[in-house]
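Here is how names work: the chains are called A, B, and so on, in the same order as the sequence lines, proteins then strands, and each is numbered from 1. Scope of the values below: all heavy atoms of this structure, side chains included, with no hydrogens, waters or symmetry mates.
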2 protein chains.
Amino acid sequence: MQAANNRTLKNTLREHELKATTQRVALLKLLESTQEHFDAEEIYLQLRAGQKNVSRATVYRSLEALVEQCLVSKLDFGDGRMRYELSRGEDDHHDHLICEICGKVIEFFNLEIEAQQIAICQENGFTPSTHTMLIFGTCAECRKLG
Amino acid sequence: MQAANNRTLKNTLREHELKATTQRVALLKLLESTQEHFDAEEIYLQLRAGQKNVSRATVYRSLEALVEQCLVSKLDFGDGRMRYELSRGEDDHHDHLICEICGKVIEFFNLEIEAQQIAICQENGFTPSTHTMLIFGTCAECRKLG
DNA sequence: TTCTAAATGAGACTGAATTGCACTTGCAGT
DNA sequence: ACTGCAAGTGCAATTCAGTCTCATTTAGAA
Ligand SMILES: [Mn+2]
Ligand SMILES: [Mn+2]
Ligand SMILES: [Zn+2]
Ligand SMILES: [Zn+2]
């Protein structure tokens, strides 16, 4: 969305005890600039297309570091590849509707569901840390076409 | 749980347009006999330990066929291996709490969440087919020990 | 500028899952 | 029961996302 400049991105990395390498800055900038849920290969190819020299290993390692610092979220849509999206803090949580036809992803947040999840955990003496909720189906556009 | 005999299992397979091979019967019987959420390799090893000759490829292909017939559910707990559990029809749906320490899986079903999910889909013009909800955290026992 | 721990690049490697192909078998039809 | 053959199986080769090794490079502190 809003294009953060390189200095801002470098500071963000340093605030999270990460060396501000050109590869990491480029990766963060890419994730800041999109609403997509890219996988590692897509990120790798986008960076290369943007004249950034980077290796697959570095993409994976950088993403791992960013996820560990909660700057990025790692998502499993169940198709064998992990997806990544920029995380804008604790209050940024949302879940996903995924169109099985066109792959479109719709984000949502529902406070009642979140509350029920906590209640369920309490009933089971379970201490939750994270959760994922994926609803698969057909989006409005694909429904019309089909 | 209740040990279904081979004839019953064979009939189940045939009712779903699947040839009742010895491998498939053994696989179904194994899944009927457990509450676990086995992965393909565990199923393969269990069948071998039970003197059943079966190959990994057949385990994968049989599971795929059973999932397609909705006799088995395929679960992705996010650790790189798919899990499988017997499905006892449409009304058998449940979601999972997963202990990140010991791996224990607690099953639950919450009608309010299911209703909210449907509402969310309607709001987005989305036609749902399936969903998965995984809540990761620490189970009561691991909490006490930790 | 110099120094060095951390990061990167290239490619080898891993492990789950899939596939090609020759062989076997369930089972429908006789 | 016997036969024919499409469907299923076994094995090995293959795919593919992701991880690891190690030689080289670099960020950033001194
Ligand atoms: Mn998202
Ligand atoms: Mn279950
Ligand atoms: Zn769609
Ligand atoms: Zn536990």
**Interatomic distance, B:N11 CG vs C:dC27 P [rounded to whole Å]** = 10 Å

**Request:** Specify the angle, to 10°, made by the local axes at the two ends of the helix from C:dT1-D:dA30 to C:dT30-D:dA1 when five pairs are taken at each end.
**Result:** 40°

**Item:** Between C:dT24 (P) and B:R24 (CZ): distance, integer Å
**Value:** 19 Å

**Message:** For a quick check of understanding: with a heavy-atom distance under 4.0 Å over all strands, which category does B:A65 fall into, base, sugar-phosphate or nothing?
**Reply:** nothing

**Request:** Would you indicate which nucleotide in C:dG9, D:dG28, D:dA6 comes nearest to any side-chain atom of A:S55?
**Result:** C:dG9

**Interatomic distance, B:D79 CG vs C:dG15 P [rounded to whole Å]** = 14 Å

**Prompt:** Which one of A:E85, A:R83, A:H37 satisfies the side-chain contact (heavy atoms from CB on, under 4.5 Å) criterion with A:V105?
**Reply:** A:H37

**Any B:D79 side-chain heavy atom under 4.5 Å of B:D39 side chain** = no

For nucleotides 16-19 of chain C, tabulate all protein N/O to nucleotide N/O atom pairs closer than 3.5 Å, reporting atom names and distance.
from: C:dA16; atom 1: O3'; to: B:G80; atom 2: O; distance (Å): 3.3
from: C:dA17; atom 1: OP1; to: B:M82; atom 2: N; distance (Å): 2.8
from: C:dA17; atom 1: OP2; to: B:Y60; atom 2: OH; distance (Å): 2.8

**Item:** Interatomic distance where CG belongs to A:N53 and C1' belongs to C:dA7 [whole Å]
**Value:** 13 Å

**Asked** Expressed in angstrom and rounded to an integer, what is the separation of B:R14 atom CZ from C:dG26 atom C1'?
**Response** 8 Å

**Asked** At what distance, to the nearest 0.5 angstrom, does CG of A:L45 lie from CZ of A:F38?
**Response** 10.5 Å

**Asked** Taking the nucleotide of DNA chain C with the closest heavy atom to each, which residue, B:T22 or A:T22, is nearer the 5' end?
**Response** A:T22

**Message:** Suppose the criterion is ring pair (Phe, Tyr, Trp, His ring centres under 6.0 Å): which pairs have a residue in residues 124-146 of chain A, not counting sequence neighbours?
**Reply:** A:H93-A:H131

**Prompt:** Any sub-3.5 Å donor-acceptor pair from A:R143's side-chain atoms to B:G125's backbone N or O?
**Reply:** no

**Request:** Give the rounded distance in Å between these two atoms: CG of A:L18 and P of D:dG28.
**Result:** 10 Å

**Asked** Counting N and O atoms only, with roles assigned by atom type, does the side chain of A:R56 sit under 3.5 Å from a partner on the main chain of A:Y44, one being a donor and the other an acceptor?
**Response** no

**Asked** For B:H16 and C:dG26, what is the distance between atoms NE2 and P respectively, to the nearest whole Å?
**Response** 20 Å

**Residue-phosphate contact under 4.0 Å: A:T21 side-chain N/O, C:dA6 OP1/OP2** = no

**Check: A:M133 main-chain N/O paired with A:D95 side-chain donor or acceptor under 3.5 Å** = yes

**Request:** Give a yes/no answer on whether the side chain of A:T58 brings an N or O atom under 4.0 Å of OP1 or OP2 in C:dG9.
**Result:** yes

**Complete:** The residue, B:K19 or A:Q23, whose nearest nucleotide of DNA chain C is more 5′ is A:Q23

**Item:** Rounded distance (Å) that lies between atom P of C:dA6 and atom CG of A:L13
**Value:** 17 Å

**Request:** Keeping the roles fixed (side chain from A:R48, backbone from A:V54), state whether a donor-acceptor pair exists under 3.5 Å.
**Result:** yes

**Prompt:** Sub-3.5 Å donor-acceptor pair from the side chain of A:E100 to the main-chain atoms of A:I98, do we have one?
**Reply:** no

